[in-house]
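The block underneath contains the structure these notes are about, expressed in structure tokens.
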Protein chains: 2
Amino acid sequence: MSDVITAAMVVIGDEILSGRTKDRNIGHLADILTTIGVDLKEVRIVPDEEAEIVAAVNAVRARYTYVFTTGGIGPTHDDITADAIAKAFDVPCEYDAIAYALLEQSYASRNIEYTDARKRMARMPVGAVHINNPISVAPGFNIGNVYVMAGVPAIFQAMLDSVTPTLKGGAVMLSQTVTSRFGEGTIGGPLGDIQKANPETVIGSYPKYLDGKFWTELVVRSRDAASLAKAKAEIEAMLAKIAANA
Amino acid sequence: MSDVITAAMVVIGDEILSGRTKDRNIGHLADILTTIGVDLKEVRIVPDEEAEIVAAVNAVRARYTYVFTTGGIGPTHDDITADAIAKAFDVPCEYDAIAYALLEQSYASRNIEYTDARKRMARMPVGAVHINNPISVAPGFNIGNVYVMAGVPAIFQAMLDSVTPTLKGGAVMLSQTVTSRFGEGTIGGPLGDIQKANPETVIGSYPKYLDGKFWTELVVRSRDAASLAKAKAEIEAMLAKIAANA
């Protein structure tokens with residue numbers, strides 16, 4: 001498992017913690033990382049408080065291959081992500097010449113004043129590299145193994161699209177879903193035995209409940225196609241056996 | 001601020017980190033806690049790995065008034081939350097007599113075998129108190145300041161409904177929303193001044209983007225009605241001034 005690529009996500013924003021805004025970025029990042037074979041191992045949602053952001057980012061960037069943050073890169077006083085990331089990396093946070101010029105040009109072309117608040121969006125930790133923002137110009141940035149992106153879902157997704165091709169891809173995780181018409185109580189015992197006998201796979205069991213009935217989706221994941229096929233066949237045989245005895 | 005009641009949430013489940021399942025519990029818990037005046041300060045999503053669950057729960061239960069967990073309390077081998085919470089509290093995890101009997105009775109009444117997998121759901125850290133489950137019988141539990149609940153949203157919400165009346169309510173957080181037709185770049189500077197002048201309030205700025213236009217929702221929160229009204233009036237005056245000059 002030496003080439004397993006791992007990741008963590010840090011969602012920054014009081015609005016998520018208050019319920020005011022419902023996060024839509026965690027699920028998207030999870031889907032994309034699964035597709036390219038990067039294991040998302042941890043997500044933290046933290047408030048707009050510098051010490052909390054610094055502590056969370058430093059904790060996860062030391063543990064995982066990549067860290068993705070969302071939120072707090074706009075022009076208002078509660079947008080403190082750039083400063084917090086600079087502090088985490090112990091570098092100054094300064095106006096980035098290219099970002100400053102891009103924003104200046106963009107506002108000039110729309111006859112909008114380039115206010116101090118707007119200029120804030122050009123600030124980055126020294127040494128950071130831009131992440132392109134095709135929607136609203138103000139760039140995200142990458143420093144070390146940390147990718148700092150917008151919280152607005154459309155902008156986050158566009159930024160992530162430009163980041164993913166640059167990540168070193170782990171082996172893609174293969175998966176197969178087996179739908180069980182039996183609930184977890186029926187299949188839990190034998191399923192555990194199958195997991196034990198197939199250590200190269202990760203078998204997830206997702207209980208579903210609808211109109212008073214329980215059923216289960218079983219997802220087998222593996223980086224190895226043969227291991228995946230073997231575990232899947234054993235699960236199907238187990239379900240057939242239960243059905244025959246029901 | 002001595003009676004501020006704080007909380008953290010720990011979401012347990014590989015299926016959320018892989019994107020297989022999209023979390024719907026974080027936003028719900030955030031809404032409910034905001035309504036009853038408890039500040040949700042942190043959320044962590046961790047995989048179905050005992051060491052990760054133990055570390056996350058121990059980190060947050062030491063820092064916050066309450067901790068709420070979701071997921072991992074079903075009957076399958078990947079449901080390890082009860083064991084992990086027991087380990088975090090350094091107590092044994094055993095069959096709970098009442099939960100065992102409740103489940104036994106429920107399955108007997110439906111002529112369903114009470115398998116070892118189903119019996120797993122009656123296991124709890126010694127000293128834990130039930131959280132009622134009106135939907136599928138298997139209870140959650142409370143130990144210390146940690147509330148362990150189901151991951152299936154309908155069951156989680158029912159469990160939370162029975163927990164919230166037992167929490168010591170902080171003062172309810174009041175909030176008022178002001179809609180600004182100006183984007184953050186226009187209002188960011190003066191809004192920051194208003195936040196500084198009104199330390200008893202928390203002013204959040206939520207940029208919106210639709211059809212090429214930016215606008216902003218400004219939410220003022222405070223536990224004190226007079227502080228809230230003062231800050232809101234200053235924001236409205238600021239917006240009126242910008243509109244007059246536009």
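These numbers come from the heavy atoms of this one structure, side chains and all, not from hydrogens, waters or symmetry mates. Below, chains carry the letters A, B, ... as their sequence lines are ordered, and counting in each starts from 1. Please read all numbers here as calculations on a predicted model, not as lab measurements.
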Drop me the distance from A:D31's CG to B:K22's NZ, to the nearest 0.5 angstrom.
3.5 Å

Would you check if B:T186 and A:T115 make a side-chain contact, meaning some heavy-atom pair closer than 4.5 Å?
no

Audit row: B:T177, A:R20, side-chain contact (heavy atoms from CB on, under 4.5 Å) steps and yes/no:
CA-CA 10 Å; B:T177 299; A:R20 183 74 183 68; 3.8 Å; yes

Region of [X] in contact with chain B, defined by heavy-atom distances below 4.5 Å:
X	answer
A:E52	side chain
A:D79	side chain
A:I26	side chain
A:L191	both

Contact class of B:L33 relative to chain A, heavy atoms under 4.5 angstrom
neither

Go through the atoms of B:R63 and report whether side chain, backbone, both or neither lie under 4.5 Å from a heavy atom of chain A.
side chain

Winner by heavy-atom pair count (cut-off under 4.5 Å) against chain B, out of [options]:
options	result
A:K119, A:E15, A:E42	A:E15
A:E113, A:H77, A:E217	A:H77
A:P75, A:G188, A:G204, A:A117	A:P75

Does atom CD (A:E50) have a neighbourhood of more than 12 heavy atoms from anything else shown, all under 6.0 Å?
yes

Per-residue tally against chain A (heavy atom, under 4.5 Å) across B:P47, B:G192, B:S18 peaks at B:S18

Consider side chain to side chain contact (heavy atoms under 4.5 Å, CB included). Of A:I203, A:L40, A:V219, A:V202, which one does B:D14 pass it with?
A:V202

